[in-house]
Amino acid sequence: MTKLALRKSDEKEIDEDEQLLIIGQSGIGKTHAIERTIYSYWKEGFDILICSDVKGLMELGFMCFPDTIMKQYHRKRLNIQDNKPESVSIRILHPFTFEIPNIKIPETRFFSFPILSIDDSAFNLLIETSEDKSTRELLISARDSLKENEDLWSFMFNLSHLIERKTQLEGSYEFRMPDPENFALSGVSLGTIKNLDELVRIFNRFQRHMFLQESNSTLSLDWKKEIFSDTSIKIFSTRYIKDQKTKDFFVLMLLNQLVEHAHLSKKGILVVLDEIKDICPSDSTVQYSRILSNQIARHLNTNFRARKINSLSTSQSLAGLSKSLLRSNSFTKIIVMKISGETDLDTLRKVYGYNNDDIQFILDLERNQFYIIGGGLGVENEIPLRFCFSPFPHCEAGYKFDKFYEKFFPEKMINYSSLKRQMNEKKQKSINYFMQIARNKVKRRIEARRKIQEEKTKSENIKEELQKIKQEKVSEKRIELEKRNLDILKDSEAGLSQSKIAQKYKISQPMVFNILRKLKEVDNDSS
């Protein structure tokens, strides 16, 4: 059990599988509250995983610095609490990206996820819909065809092959030359299923942020040895990635992987989602954001509780948080600090049944005071409670994480240019390999088209020759008939009767009559 409050009489125990949410406007002490809660779980031996750094400022990373950075007010509060300053070891983890600065930065474990671990929810987020079953089934088929040593380029090759085969069956195939910048693929289209060009655009971000790799990649995480092996606090950051969809996709992948590997923790797990409203906003018009919110709600409601995973989320606004989290009772306890925004207060009225007196209590809260809303939606404490301050150092206004890290841990400032070069070589190797496959495919296609053209030309030549022979036969027949007709005319002029002529040339007497009549008409016309 963990303790949250300042005075002994106010201490509040937290159960093993609590999903906590701290709500409070800026400047009211919310960061101190989250740091105290983290400290409480850390003292109980929990594995602490900070899974979002939405501001990219590493604010919760200041817990690793010496107490010399503490302000006087912090020290005084610790004296009142009869606590001494402490520091904790942190470990920074970041998905691999080619946007790593080309300078020395704080020591960071750059890692990758196995592309085989992308599940339905992650595919839905990428294609921004859960309704496109045909596309999702193609993506799953392409994934399931992968081997453990195959990477993103293999996945895209499988996907291209599946779409090409299906388009050829439907007669809508369109061939273009392969592009080395687009996974060495050529575009094809297919009815209602997203075409390959569109899917290439979706997955192209992972060429720049190359954290989807083969299962046996050297960057793969060993969760047992690297995450659940010591008392250091793990901070997962995406501060070197600018694309918001990529950052949000990373959070979902991380939580999915955490659920899969939670059984490896021998203690307990606390997942921290600071400023969760930036990940799960209430007013987002972006479809993938709603998919992410629903999936995080599912984790909080089901997966975390089934695996005894605790979570701690924070938000400056209650109304700004996705309703899929609030209405699904994703949080077992909500710690309400001072909020004054009308939309936030209205949410307390509508969602949690607060009356005007309850609202006034919230408005009257002082800095660092809070009420607890329990699972039954009622307020658990009649008087405001106060958080203890964490013995860990705190990020004050104007503090810069990298500057402090360089000051206190200069030996841990590292330039990762060599890693970027290695990954770029790996990327080029994949591009070259699949470009060669594409070139061979093009050669085969050109050769096939050449043979088809040769057969077509040969067929046309034969047809022309047959037509020529036919025409020659017709001409010969015409000459024979003309000679016969002239002979018939000579026989007639020599006094031979038409009946005798018919017998001689084995034709009917009326035919002889018509031949003679036509010849005389021609002779008259000539005269």
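Remember, it's a predicted structure, so these values are computed and weren't measured experimentally. Residue numbers count from 1 along this sequence.
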| message | Measuring from atom CZ of Arg239 to atom OG1 of Thr108, what distance do you get when rounded to the nearest 0.5 angstrom? | response | 6.5 Å
| task | Among Arg201, Lys245, Arg136, find the residue that satisfies the salt bridge (Lys or Arg N to Asp or Glu O under 4.0 Å) test when tested with Glu128. | result | Lys245
| query | Who are the ring pair (Phe, Tyr, Trp, His ring centres under 6.0 Å) partners of Phe183, not counting sequence neighbours? | reply | Trp153
| query | Should Arg91 and Glu226 count as an ion pair when the cut-off is N to O under 4.0 Å? | reply | yes
| request: Without swapping roles, check the side chain of Ser52 against the backbone of Val54 for a donor-acceptor pair under 3.5 Å. | output: no
| query | Does any N or O in the side chain of Asp132 come within less than 3.5 Å of the main-chain N or O of Thr135, such that one atom is a donor and the other an acceptor? | reply | yes
| query | Looking at residues at least two apart in the chain, or sitting in another chain, which of them share a salt bridge (charged side-chain N to carboxylate O under 4.0 Å, His left out) with Arg307? | reply | none
| query | Should Arg421 and Leu419 count as side-chain neighbours, where that means a heavy-atom distance under 4.5 Å? | reply | no
| remark: Applying ring pair (Phe, Tyr, Trp, His ring centres under 6.0 Å) to Phe361 and not counting sequence neighbours gives none
| task | Determine, step by step, whether His74 and Phe389 satisfy the ring pair (Phe, Tyr, Trp, His ring centres under 6.0 Å) criterion, reporting the C-alpha distance in whole Å, the side-chain angles of both residues, the deciding distance to 0.1 Å, and the verdict. | result | CA-CA 7 Å; His74 196 162; Phe389 269 33; 5.5 Å; yes
| field | Any residue meeting ring pair (Phe, Tyr, Trp, His ring centres under 6.0 Å) with Phe113, in chain and number order, not counting sequence neighbours | value | Phe111, Phe250
| task | Output, in order, the C-alpha distance, side-chain angles, deciding distance and verdict of ring pair (Phe, Tyr, Trp, His ring centres under 6.0 Å) for Phe401 and Phe65. | result | CA-CA 10 Å; Phe401 180 80; Phe65 296 130; 5.4 Å; yes
| remark: The reported gap from OG1 in Thr332 to CD1 in Ile372 (rounded to nearest 0.5 angstrom) is 10.5 Å
| Does NZ or CZ of Lys412 lie under 6.0 Å from the centre of the six-membered ring of Phe409, at an angle within 45° of the ring axis? | yes
| Taking all non-hydrogen atoms of both residues, which atom of Pro95 and which atom of Ser237 are closest, and how far apart? | CD-O, 3.2 Å
| query | Should the pair Phe211 and Phe206 be assigned to parallel (<30°), tilted (30 to 60°) or perpendicular (>60°) ring geometry? | reply | perpendicular
| query | Are any of the side-chain nitrogens in Lys71 or Glu396 under 4.0 Å away from the carboxylate oxygens of its partner? | reply | no
| remark: Tightest non-hydrogen contact, residues Met253 and Pro114, listed as CE-O, 4.5 Å
| said: Can you see whether Asn415 engages Asn102 through a side-chain donor-acceptor pair at a distance of less than 3.5 angstrom? | reply: no
| task | Look at the side chain of Lys338 and the backbone N and O of Glu366, then say whether any donor-acceptor pair between them is shorter than 3.5 Å. | result | no
| message | According to salt bridge (Lys or Arg N to Asp or Glu O under 4.0 Å), does anything in residues 202-220 pair up with another residue at least two apart or in another chain? List the pairs. | response | Glu99-Arg208, Arg205-Asp243, Glu214-Lys426
| task | Can you measure from CD (Gln287) to CG (Leu292) and round to the nearest 0.5 angstrom? | result | 11.5 Å
| query | Does Ala306 offer a backbone N or O that forms a donor-acceptor pair with the side chain of Asn303 under 3.5 Å? | reply | no
| request: For Phe110, check ring pair (Phe, Tyr, Trp, His ring centres under 6.0 Å) against everything at least two apart and list the hits. | output: His94, Tyr416
| query | Counting N and O atoms only, with roles assigned by atom type, does the side chain of Ser293 sit under 3.5 Å from a partner on the main chain of Ser324, one being a donor and the other an acceptor? | reply | no
| Do any pairs count as a ring-ring contact (aromatic ring centres under 6.0 Å, His included) and have a residue in residues 251-274, sequence neighbours left out, and if so which ones? | Trp223-His261
| request: Over all heavy atoms of both residues, which pair between Phe370 and Arg386 is shortest? Give the atoms and the distance, please. | output: CE2-C, 3.7 Å
| What pairs meet the ring-ring contact (aromatic ring centres under 6.0 Å, His included) rule with one or both residues in residues 279-310, with sequence neighbours excluded? | His299-Phe304
| message | Going by salt bridge (charged side-chain N to carboxylate O under 4.0 Å, His left out), name the residues that satisfy it together with Lys234, two or more places apart in sequence or in a different chain. | response | Asp230
| message | Just to verify, what does Glu59 make a salt bridge (charged side-chain N to carboxylate O under 4.0 Å, His left out) with, not counting sequence neighbours? | response | Lys55
| When you measure from the side chain of Arg75 to the backbone N and O of Asp67, does any donor-acceptor pair fall under 3.5 Å? | yes
| note | Separation between OG (Ser311) and CD (Gln19), nearest 0.5 Å, reads 3.5 Å
| query | Can you list the residues that meet the salt bridge (charged side-chain N to carboxylate O under 4.0 Å, His left out) rule with Glu342, with sequence neighbours excluded? | reply | Arg349
| Counting N and O atoms only, with roles assigned by atom type, does the side chain of Asp344 sit under 3.5 Å from a partner on the main chain of Ala319, one being a donor and the other an acceptor? | yes
| Can any side-chain N or O of Arg143 pair as donor or acceptor with the backbone N or O of Ile118 at less than 3.5 Å? | yes
| Asn216 backbone acceptor or donor facing Ser220 side chain under 3.5 Å | no
| field | Leu221 CG to Gln257 CD distance, which is reported to the nearest 0.5 Å | value | 8.5 Å
| Can you tell me if Asp53 uses its side chain to pair, donor with acceptor, with the backbone of Met58 under 3.5 Å? | yes
| field | Residue pairs fulfilling salt bridge (Lys or Arg N to Asp or Glu O under 4.0 Å) with at least one residue in residues 249-274, sequence neighbours excluded | value | Asp47-Lys267
| note | So CD1 of Ile339 and CD1 of Ile359: to nearest 0.5 Å the spacing works out to 7.0 Å
